[in-house]
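Reading through the structure tokens given below for one structure.
Ligands are counted one by one from 1 in listed order, and the atoms in each one are counted from 1 as well. For this chain, numbers begin at 1 and follow the sequence in order. Quick caveat, the model's predicted, so the values are computed rather than measured.
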Amino acid sequence: MKCEKFKILENKKIAKDVFLLTLRGNTDEIKNPGQFANISISSFYLRRPISICDFEKDTLKLIYKVVGEGTLALSQKKPEHYLDILLPLGNGFDIDKTTKNTVLIGGGVGVPPLINLAKNMIKIGKTPKVVIGFNTKEEIFAVDMFENLGIHPIVSTVDGSYGVHGFVTDALKSIDYDYLCTCGPEPMLKALSNLDVDGQFSFEARMACGFGGCMGCSHETKSGYKRICKEGPILFKEEIKW
Ligand SMILES: Cc1cc2nc3c(=O)[nH]c(=O)nc-3n(C[C@H](O)[C@H](O)[C@H](O)COP(=O)(O)OP(=O)(O)OC[C@H]3O[C@@H](n4cnc5c(N)ncnc54)[C@H](O)[C@@H]3O)c2cc1C
Ligand code: FES
């Protein structure tokens, strides 16, 4: 884990309240898809955790939704501005445990880490299926990013304004899979954990330090309390306690 200065190259709106932030800085230590960055934003005491969406040498991409004052302030940052970022944090997905018939399932701003996961799975010959869900058409993003990887994601919207009408669980009925990796709101994770397949689930928690020092993000699992920022955010299905 390092604290690095990243220069903003672009901070672009890509859907309703959703921004793609492209940064220049040192990405050498990033290991697993599903790890996250903790961003210091101006006057806010606590950093804001955002999943690593994609990276290359010296370039980092993050996708975030404006939900409060911190993310609103982030959306107002202009190119050339520097951000102080702690990364990489968390365990990330264990790609070796995925199968050749894995589906990646994202809900809203749970979609970004699945882009880097898909990219890494393709590199080892395990091209995944992808299902992504949103509330409504205006909130959809990342379809082009998956298409650039040669994957055509199935999209669902709760209001039926685009793609499959309903939840990601409705969209899943049309495909075969024997393993899943998922990130999104907790009710979605819970519904997916009731399906008869194993998988890896990315959890969110309110965080303070972000690197295991304060216990503020502890979450009860079947194998004791785990810090979502350190032993998570990815938990295996068999260890999750709802
Ligand atoms: C490991 C991890 C990865 C994340 N990755 C992403 C990502 O890739 N893109 C993205 O848009 N967001 C992501 N988040 C959520 C993001 O950190 C919060 O939305 C952000 O911190 C809100 O900051 P704020 O100051 O704008 O909102 P605040 O004013 O702090 O809160 C506004 C609203 O958002 C809710 N909220 C704030 N933080 C969280 C949180 N951690 N989990 C759930 N609800 C929260 C609050 O309850 C409140 O309703 C991630 C969170 C975690 C823990
Ligand atoms: S946020 Fe401090 S231990 Fe996780």
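- Partner of Phe19 under the side chain to side chain contact (heavy atoms under 4.5 Å, CB included) criterion, out of Ile63, Ile14, Leu62, Val66: Val66 alone.
- Annotation: atom 33 (C) of ligand 1 to nearest protein heavy atom, Val67 O, 3.9 Å.
- Within the 4.0 angstrom cut-off, atom 24 (P) of ligand 1 has one or more protein heavy-atom neighbours.
- Near Gly210, meaning under 4.0 Å from any of its heavy atoms, are these atoms of ligand 2: 1 (S), 2 (Fe).
- With Gln35 contributing its side chain and Gly92 its backbone, the two residues share no donor-acceptor pair below 3.5 Å.
- With a 4.0 Å cut-off on non-hydrogen atoms, Ile63 touches ligand 1 through its backbone and not its side chain.
- Within a 6.0 Å radius of OH in Tyr162, other residues, nucleotides and ligands contribute 12 heavy atoms or fewer.
- At most 12 non-hydrogen atoms from other residues, nucleotides or ligands lie less than 6.0 angstrom from OH of Tyr82.
- Atom 4 (Fe) of ligand 2 lies at 2.8 Å or more from every N, O or S atom belonging to Cys209.
- A donor-acceptor pair shorter than 3.5 Å can be found between the side chains of Ser42 and Lys77.
- Proximity of Cys214 to ligand 2, defined as any heavy-atom pair under 4.0 Å, is shared by backbone and side chain alike.
- Counting protein heavy atoms only, atom 26 (O) of ligand 1 is closest to Thr71 OG1, 2.4 Å.
- Of all protein heavy atoms, the one lying nearest to atom 12 (N) of ligand 1 is Ile50 CD1, 3.8 Å.
- The protein atom (non-hydrogen) at minimum distance from atom 27 (O) of ligand 1 is Gly68 CA, 3.5 Å.
- Closest to atom 4 (C) of ligand 1 among all protein heavy atoms lies Pro49 O, 3.5 Å.
- Taking 4.5 Å as the limit, some side-chain heavy atom of Phe146 sits within range of a side-chain heavy atom of Ile115.
- Residue-ligand proximity, Cys229 to ligand 2, at heavy-atom distances under 4.0 Å covers atoms 1 (S), 3 (S), 4 (Fe).
- The atoms of ligand 1 that sit less than 4.0 Å from any heavy atom of Tyr64 are 9 (N), 10 (C), 11 (O).
- Hydrophobic clustering (side-chain heavy atoms under 4.5 Å, transitive across Ile, Leu, Val, Met, Phe, Trp, Tyr) groups Leu60 together with Ile50.
- When only non-hydrogen protein atoms are considered, atom 46 (C) of ligand 1 lies nearest to Arg206 NH1, 3.2 Å.
- Across the listed options Ser51, Gly108, Ala205, Gly90, Ser51 owns the non-hydrogen atom lying nearest to atom 6 (C) of ligand 1.
- At least one N/O/S atom of Cys217, whether from backbone or side chain, sits less than 2.8 Å from atom 4 (Fe) of ligand 2.
- Nearest protein neighbour of atom 3 (S) of ligand 2, counting heavy atoms only, is Met215 N, 3.1 Å.
- The residue among Glu204, Lys65, Gln35 with a heavy atom at the shortest distance from atom 43 (C) of ligand 1 is Glu204.
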